[in-house]
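Excluded from the calculations below are hydrogen atoms, water molecules and symmetry mates; all remaining heavy atoms, backbone and side chain alike, are included. No experiment lies behind these values; they were computed from the predicted model shown.
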Amino acid sequence: MQNLSVLSVNETSPKSFSVIIKVCVVIPLFCVFLYFIAVMLQIFASHRQFLDTSRYILFAQMMINDTLQILSSVLLFLCVMGQVKLPLLFCVPLLFVCTCTFQNTTLILAAMSLERYVAIFYPLQRPASWRSDRIWIIILPLWIISFIFPIIEFSIGKYSPIVDVLFTNMLCKGTVINSSLIQELYRFAVYVLSFAVVSVIILFTYVRIVMETRKMRQDRASVSKAMHTVLLHGFQLLLCLLAFTMPISETLIGLHTNWLAEDVAFFNYFCFILIPRFLSPLIYGFRDQSLKKHIGNRFLCCSKKRKPFFK
């Protein structure tokens, strides 16, 4: 559970003012993110054109996945900031959701890149599994794979038989639940393998679409748009990869600044976990012309409904 290690703080209680500042930074952004996601999902649900397009269905899955990721990580963040100790029964599910959604992000990015590849090279003879009414055949295995990895990681650990899942309280941190060497090696191998495979898929689809752009004489605009979309997926994958640089950045910041360990951990958590997931729906929402139009109409309608303070 690599992305949760950034929440590790000193066991001593942090200064109240520092905690308040951190909470006041995270919670407003989290509320804005949830509001924007709710608006976009409502647009998807109320317009058939989005439900009949595989690309938008996958994007909706990405938004749902990132919402679960941020919700679970923010809950864990608040528990650690407040030094709240939870029973193992409540702690493990939170860590489990946070881990599997972090893993699922890369898999969905690979699926979205492959969908663009299929749309360009097989526009009239699209495989059945990539049609909007069958896209669940692609989505379901992604979630299953994402759940399998943390289950295996948790099962290979060594736990004390005297630990009571209901009454043993502890800080909800990945370093506490999954702390054995074999679990760390397994987690590292899974992340390296998954990111390598997804990187190859995104690079392959991008190169193939670039080559196709040079060959095509017609509809070059749509192919060029697909190329930029795949490039965007590669940028998102890079943002996810930044999460693995956190131990290095923590060491460098600690050597060159006088920051406290919990402040460095918060900086990494905010920059490498929260910000990439906050930016993802914004980039997609305002880049896609269809979504941008509906989002603009939605906020315009909301502004018209507000009554002026002075008549």
Side-chain angles (χ1 to χ4, degrees), residues 1-37 65-103 105 150 154 163 165-179 183-184 187 239-240 242-281:
M1 301 183 181
Q2 173 71 23
N3 59 322
L4 292 177
S5 64
V6 298
L7 297 178
S8 301
V9 296
N10 289 335
E11 296 301 321
T12 57
S13 179
K15 295 181 180 179
S16 299
F17 181 74
S18 176
V19 172
I20 292 173
I21 292 296
K22 293 170 185 174
V23 171
C24 289
V25 169
V26 171
I27 297 303
L29 284 176
F30 174 66
C31 293
V32 171
F33 170 83
L34 282 185
Y35 175 73
F36 189 76
I37 291 294
N65 180 82
D66 285 352
T67 301
L68 293 174
Q69 161 75 18
I70 292 180
L71 179 61
S72 57
S73 67
V74 167
L75 288 175
L76 291 169
F77 162 77
L78 293 175
C79 289
V80 173
M81 286 293 99
Q83 296 290 292
V84 177
K85 294 185 178 181
L86 298 176
L88 202 61
L89 182 65
F90 300 108
C91 186
V92 169
L94 274 177
L95 291 169
F96 180 81
V97 171
C98 200
T99 303
C100 71
T101 50
F102 180 78
Q103 179 74 38
T105 298
F154 184 78
V163 172
V165 296
L166 286 175
F167 301 103
T168 302
N169 297 328
M170 61 182 63
L171 278 178
C172 260
K173 299 185 292 185
T175 53
V176 174
I177 304 299
N178 300 313
S179 56
Q183 287 174 310
E184 292 181 4
R187 182 166 56 246
L239 290 178
C240 292
L242 288 176
F244 296 101
T245 67
M246 288 185 293
I248 300 175
S249 63
E250 286 182 2
T251 302
L252 292 176
I253 294 174
L255 290 175
H256 295 89
T257 66
N258 294 324
W259 289 13
L260 297 175
E262 58 265 26
D263 294 333
V264 176
F266 173 76
F267 174 81
N268 285 328
Y269 169 68
F270 183 80
C271 292
F272 301 141
I273 300 297
L274 292 185
I275 291 299
R277 282 155 184 82
F278 285 152
L279 291 178
S280 178

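When side chains are defined from C-beta on, Leu86 counts as touching Val84, because their heavy atoms get closer than 4.5 Å. In this structure, Phe33 and Leu274 have side chains that are not in contact, with every pair of non-hydrogen atoms separated by 4.5 Å or more. Side-chain contact check for Phe266 versus Val80: every heavy-atom pair is 4.5 Å or farther apart. In this structure, the side chains of Leu95 and Leu76 come closer than 4.5 Å at one or more pairs of heavy atoms. For the pair Ile70/Phe278, a side-chain contact is recorded, criterion being any heavy-atom separation below 4.5 Å from C-beta on.
Contact record, Leu68 with Ser72: O-OG, 2.8 Å, taken as the closest heavy-atom pair. Of all non-hydrogen atoms in Phe102 and Gln69, the two that sit nearest each other are N-OE1, 3.2 Å. Among all heavy-atom pairs drawn from Cys100 and Pro150, the shortest one is CB-CG, 3.9 Å. Taking all atoms of both residues into account, the shortest heavy-atom contact from Val74 to Phe30 is CG2-CD1, 4.0 Å.
Rounded to the nearest 0.5 Å, atoms CZ (Arg277) and CG (Leu29) are 15.0 Å apart.
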Go through Ser73 and Phe77 one step at a time and tell me if the side-chain contact (heavy atoms from CB on, under 4.5 Å) criterion holds.
CA-CA 6 Å; Ser73 67; Phe77 162 77; over 6 Å; no

Should Leu78 and Ile27 be marked as a side-chain contact (heavy atoms from CB on, under 4.5 Å) after you check the CA-CA gap, both sets of side-chain angles, and the distance that decides it?
CA-CA 10 Å; Leu78 293 175; Ile27 297 303; 4.2 Å; yes

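With hydrogens and angles left out, the side-chain atoms of Asn65 and Thr105 include a donor and acceptor closer than 3.5 Å.
Between Cys172 and Cys91, the SG-SG separation falls below 2.5 Å.
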